[in-house]
Amino acid sequence: MSLKAFLKQMEKENEVLHVKDEISARFETSFIVKNFDSQGPILLFEKVKTYETKVVANVCGTRKRICAALDTDQDELYRKLTEAWRSPKKPKIVGDGAVKEISERDLSNIPILTHFARDAGPYITSAVVYAKSVDGNVENVSVHRLQVLDNKRLAIRLVPRHLFKLWQMAKEAGKDLEVSISIGVHPAILLAASSPVPFGMNEFDVANTLMSDRLRLVECKHVDAYAPAEAELVLEGKISATEEVDEGPFVDITGTYDVVRKQPVVKVMCVMHRRNYVYHGLLPSGAEHKLLMGLPHEVLIWEAASKVVPKVYAVNLSAGGSGWLHAIISIEKQLDGDGKNALLAAFAAHPSLKHAIVVDSDVDAFDASDVEWAIATRFQASEDLITIKNVRGSTLDSSADQETGLTTKVGVDATRPFSRPKEKFERAKIPVNESMEKLVRNLLGPGSKSFAHEFIYKISRN
Ligand code: MN
């Protein structure tokens, strides 16, 4: 179970576009990825100027591909993720792995991309970082951006979460924190690493459950850390207990620049990679970034909302909301007021959420125009709007109060009110048989409806 194996599978399903022209790692690759972006194919850049290595992008850029990687479908995706969070399973440690084929001394041969105009420089954006606590009791895996300072040093952005805590514990013991930094891993590992599991749970164990016990780890050579045996590329490093530098500017999920902060330096001890490895470049604020970061939080919203309404059909942390700030939730309600409870549950489950909309199951939560239709025909601001002032939201929201970080949250209940005659809200249908539906599908051709849309279309008819 490697990225290579997944790419091979996707190749068969016509999901990979090969870019054969020579492209620069500075701006040109990211420009091409940005122009394809949402619902676009995996892009394989075969010739990157001055480098030997190929670059792959937008690997996890669609829900369809994420489902394929986890060998599931959209109906079962959330359940599969929650089950893995609840039943992590230790992967086997093996003596040797493909990632150990070649060793290099520094970063100079890696085609690390520079993405946007004001970025501080080249950034590694798909890095899965493993570390264990100095007492050896806690292991953690998480995704971090890494700014290239020189051939041997990176700056790492540590949001005050689990890896930050491990680094602080090491600092208090007067030690650097040893890490493995894996780039080019199977999507299941990326999803596990961005899952909101508690401190103390090893995300590699979650990945192993997602991969049906087929994840294999190897020990690093120069640091006390594990890495996936079939990763494309692994950097062995130490997060310095003492050295900090300015990190940024860099573009975050909203497509705006994050502020510059003092962040710790990673000293790179060694680089190992597969022969003919492929470098995974993930476009900040691109479809892949939004899905990997947002999808696990859709699961949290789905779980919470499922407790207050009879059924939650879909949760969409929409692309327009940067995959983070806006949720569209399609539900089946039993009573008026259920929609508002679903909104409150969503805000509690995902504290960064700013605006949320609930719709009925006959509305496609993945189609912005359909959602707008629900607001146009089923929503009355005087009855169906919730505003919550002065609450903590996302630090990524540029419009939040910059001093206090407080924001206003808005919930929109665009479900049909039961107090009014049902017929007023009925969506008109044209009565045809299945062969006519098939004919139209063929006329429109593949790709005319998104994968997600077909899913909703199916369930709304049941
Ligand atoms: Mn963790």
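In listed order, ligands and their atoms are each counted from 1. When a residue number appears, it is its place in the shown sequence, counting from 1. We use all heavy atoms of the structure for the numbers below, so side chains are in, but hydrogens, waters and symmetry mates are not.
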Checklist entry - Do Y257 and F250 have their ring centres less than 6.0 Å from each other? => result no

Checklist entry - Looking at V251, L282, D258, L154, which hits side chain to side chain contact (heavy atoms under 4.5 Å, CB included) with R145? => result D258

Item to check | Plane angle bin for Y130 and F204 - parallel if under 30°, tilted between 30 and 60°, otherwise perpendicular | outcome: parallel

Checklist entry - Under 4.0 Å between a Lys/Arg side-chain N and an Asp/Glu carboxylate O for E232 and K4? => result yes

Checklist entry - At distances under 2.8 Å, what protein N, O or S atoms surround the Mn ion (ligand 1)? => result N140 OD1, H162 ND1, E203 OE2

Checklist entry - Is the Lys NZ or Arg CZ of K80 less than 6.0 Å from the centre of Y78's six-membered ring, within 45° of the axis? => result no

Checklist entry - Can the positive tip of K165 be found less than 6.0 Å from the middle of the six-membered ring of W167, inside 45° of the ring normal? => result no

